[in-house]
Amino acid sequence: MTERPPVGRVIRVLLADDQVLVRKGVHALLALESDIEVIGEAGTHEEAFALAARLCPDVVLIDLMMSGDGIEAIRCITAAHHPVRILVLTGTGTDDKVLAAIRAGAVGFLLKDSEPGDLVRAIHEVYRGGAWLHPAIARKLLREISQSTKARPTAEDLTEREIDVLRLVAHGLSNQQIADDLTISEGTVRVHVSNILSKLHLASRTQVALYALREGLASLEDTEPESETAYHLS
């Protein structure tokens, strides 16, 4: 049974989703819980960041695929408002941004077709310092890790610039952010990413990030705040 907050302590939740019906539906669901209060709603990632700064929620329930850069929004919110807990709501368990979102500070993932009770349990779990992964998300991460250890690709054939790009991909940066960081065009970044995938025999940016972590080219410690190591699998 999920541990409830102390008597009299209400979990303050900020909802961020660009679909009004989804926000209102989740709001109505959470209104039935005596120890959860929705303190605000945001329709964009920019609004979510601004409201988080003003309202200081305990948990931010955020749609990863909302318009804007979801990974950057998670990174900014967790960096500026630690120890706020980020619970990601996504429509598919195949989203290749899962690892990047975890590195940015997300501590939970829930699919939009989850049962209402799972949402409530996930909010309680992340609020008290744990983590929550929907089984489909957990299977994806395990599959990515398994696939990344089978091929044992080598970085010897990568150019110095490709290694720079690889490290930034592992940090969760988008192509445009990498381009800005390295002062090159976004098109050039796309070419580098394509070359990295081809040379290392990898299929996605998630596998690139896992490869970089495994080979010591990037570290989870590079991202603050650190995410929890114990995951609750429902």
Side-chain angles (χ1 to χ4, degrees), residues 5-6 9-19 22-23 26-27 30 35-90 95-110 119 122-133 137 167-182 205-206 209 212-213 218-232:
R9 180 67 170 93
V10 175
I11 304 173
R12 294 158 49 84
V13 176
L14 172 64
L15 302 180
D17 196 301
D18 58 1
Q19 298 181 28
V22 172
R23 289 204 312 270
V26 172
H27 194 151
L30 297 181
D35 56 2
I36 296 177
E37 177 188 5
V38 176
I39 60 172
E41 296 182 19
T44 67
H45 289 129
E46 292 79 9
E47 289 179 2
F49 179 74
L51 285 177
R54 182 162 61 87
L55 301 176
C56 299
D58 298 310
V59 176
V60 177
L61 182 62
I62 188 168
D63 176 14
L64 191 60
M65 301 307 293
M66 189 164 53
S67 58
D69 190 335
I71 303 300
E72 183 63 19
I74 292 171
R75 182 180 293 109
C76 289
I77 291 173
T78 54
H81 311 299
H82 185 66
V84 66
R85 313 292 288 177
I86 304 292
L87 179 58
V88 173
L89 194 63
T90 184
D95 189 350
D96 64 1
K97 296 182 178 180
V98 169
L99 184 61
I102 291 175
R103 288 182 54 80
V107 294
F109 278 85
L110 202 70
L119 172 59
I123 290 174
H124 282 98
E125 183 68 22
V126 300
Y127 166 74
R128 67 186 187 90
W132 185 282
L133 291 180
I137 298 294
R167 288 194 177 103
L168 295 177
V169 168
H171 291 165
L173 273 64
S174 66
N175 285 349
Q176 185 59 61
Q177 290 171 322
I178 294 173
D180 294 340
D181 190 89
L182 298 178
R205 296 172 79 94
T206 300
L213 291 172
S219 170
L220 286 173
E221 296 178 355
D222 295 336
T223 302
E224 293 290 345
E226 293 183 357
S227 58
E228 300 291 332
T229 56
Y231 292 90
H232 183 114

Contacts of [X] that satisfy side-chain contact (heavy atoms from CB on, under 4.5 Å) - sequence neighbours left out:
{"X": "A209", "value": "L99, A170"}
{"X": "E47", "value": "A42, T44"}
{"X": "A101", "value": "L64, I71, I74, A106, F109"}

What's the separation between atom [atom1] in [X] and atom [atom2] in [Y], rounded to the nearest 0.5 Å?
{"X": "E72", "Y": "I77", "atom1": "CD", "atom2": "CD1", "answer": "10.5 Å"}
{"X": "Q177", "Y": "R75", "atom1": "CD", "atom2": "CZ", "answer": "6.0 Å"}
{"X": "L168", "Y": "I178", "atom1": "CG", "atom2": "CD1", "answer": "5.5 Å"}
{"X": "H124", "Y": "L119", "atom1": "NE2", "atom2": "CG", "answer": "10.5 Å"}
{"X": "L14", "Y": "L61", "atom1": "CG", "atom2": "CG", "answer": "9.0 Å"}
{"X": "L30", "Y": "E37", "atom1": "CG", "atom2": "CD", "answer": "11.0 Å"}

Locate the shortest heavy-atom distance separating T78 from V84; write the atom from each residue and the value. CA-CG1, 4.3 Å
Check A131 against V126 and note the closest heavy-atom contact, atom names and distance. CA-CG1, 4.4 Å
Go through the structure and list residues passing salt bridge (Lys or Arg N to Asp or Glu O under 4.0 Å) with R12, not counting sequence neighbours. none
Among all residues two or more places apart in sequence or in another chain, which pass the side chain to side chain donor-acceptor pair (under 3.5 Å) test with Q176? D180
By side chain to side chain donor-acceptor pair (under 3.5 Å), which residues pair with R23, not counting sequence neighbours? E41
Does the pair D58/R9 count as a salt bridge with the N-to-O cut at 4.0 Å? yes
